[in-house]
Amino acid sequence: MTSIYVGNLPFTATEEEVRDMFAVHGQVDEVRLMTDRETGRARGFGFVKMAADAAQAAIRSLNGKNLGGRDLRVNEAEERKPSASRW
DNA sequence: CCTGAGCGT
């Protein structure tokens with residue numbers, strides 16, 4: 001499983017839009033669009049979890065894609081937090 | 001109502 005960082009999203013983008021877009025390249029395990037903590041509005045970025053091969057295919061295909069007049073930033077995400085690992 | 005660089009409870 002690979003975590004994908006999706007940035008530069010239009011504020012009008014939703015999770016199902018992103019999920020559907022990524023689902024074209026493979027099965028989407030999870031989609032999480034981050035919203036602003038204070039105002040509650042979309043921050044314009046999120047994360048997608050997919051299988052490694054599907055993730056790479058989606059990244060190579062969707063990175064730089066124009067959505068809503070903005071070029072998407074799609075890359076492998078970093079580790080969320082080194083603590084609280086249920087291992 | 002509103003905005004634009006960013007790696008998340």
Side-chain angles (χ1 to χ4, degrees):
Chain A
M1 195 66 72
T2 301
S3 298
I4 309 171
Y5 166 75
V6 185
N8 206 36
L9 287 167
F11 300 114
T12 54
T14 62
E15 288 189 1
E16 47 183 309
E17 283 186 75
V18 178
R19 175 175 295 187
D20 183 73
M21 181 172 58
F22 277 80
V24 176
H25 303 278
Q27 186 181 47
V28 179
D29 186 70
E30 185 62 81
V31 177
R32 182 183 302 207
L33 293 190
M34 290 324 228
T35 50
D36 192 277
R37 180 175 54 83
E38 302 180 55
T39 61
R41 274 178 263 121
R43 277 197 193 168
F45 81 98
F47 293 90
V48 178
K49 276 192 175 183
M50 299 180 73
D53 54 344
Q56 295 303 323
I59 291 171
R60 293 172 66 83
S61 183
L62 298 177
N63 187 30
K65 177 174 286 294
N66 187 280
L67 179 66
R70 296 161 184 87
D71 287 334
L72 297 180
R73 293 184 180 181
V74 183
N75 286 293
E76 282 190 59
E78 302 171 357
E79 186 58 48
R80 177 174 63 86
K81 189 173 295 184
S83 60
S85 297
R86 194 164 302 166
W87 176 253

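Values in this document were obtained by computation on a predicted structure and should not be read as measured data.
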Response to the item:
To the nearest angstrom, the CG-P distance between A:N75 and B:dG8 comes to 15 Å
Practice prompt. Can you figure out which of B:dG8, B:dC2, B:dG4 approaches the side chain of A:R41 most closely?
Written response: B:dC2
Discussion item. Counting only heavy atoms from other residues, nucleotides and ligands, does the tally under 6.0 Å from CD of A:E15 exceed 12?
Written reply: yes
Fill in: Side-chain donor or acceptor of A:N8 paired with backbone N/O of A:D71 under 3.5 Å
yes
Worksheet item: Can you find a heavy atom in the side chain of A:E76 that is under 4.5 Å from one in the side chain of A:Q56?
Response: yes
Practice prompt. Measure the distance from CZ on A:R70 to C1' on B:dA5 and round it to the nearest whole Å.
Written response: 13 Å
Worksheet item: Checking all strands, does A:E30 fall into the base, sugar-phosphate, or nothing category for heavy-atom contacts under 4.0 angstrom?
Response: nothing
Discussion item. Taking any heavy-atom pair under 4.0 Å as a contact, classify A:T39: base, sugar-phosphate, or nothing.
Written reply: nothing
Discussion item. Among A:M50, A:K49, A:E78, A:E79, exactly one meets side chain to side chain contact (heavy atoms under 4.5 Å, CB included) together with A:S3. Which residue is that?
Written reply: A:K49
Practice prompt. Kindly state whether the pair A:F11 / B:dT3 counts as stacked, where counting means centroids closer than 5.5 Å and planes tilted less than 30° apart.
Written response: yes
Worksheet item: For A:L9, which contact category applies under a 4.0 Å heavy-atom criterion: base, sugar-phosphate, or nothing?
Response: base
Discussion item. Once you apply a heavy-atom cut-off of 4.0 Å, does A:G7 come out as touching a base, just sugar-phosphate, or nothing?
Written reply: nothing
Worksheet item: When the distance from CG of A:D36 to C1' of B:dG8 is rounded to whole Å, what number comes out?
Response: 13 Å
Fill in: Spacing between A:E38 atom CD and B:dG8 atom C1', to the nearest angstrom
16 Å
Worksheet item: Given side chains that start at C-beta, do those of A:E17 and A:L9 come closer than 4.5 Å, heavy atoms only?
Response: no
Worksheet item: Which whole-number value in Å describes the distance from A:M34 CE to B:dG8 C1'?
Response: 3 Å
Response to the item:
Sorted by position of nearest nucleotide on DNA chain B, 5' first, the leading residue of A:G44 and A:T35 is A:G44
Worksheet item: Quick one: A:F45 CZ to B:dG4 P, roughly how many Å, whole number?
Response: 16 Å
Fill in: Distance in angstrom units between A:R73 CZ and B:dA5 C1', rounded
7 Å
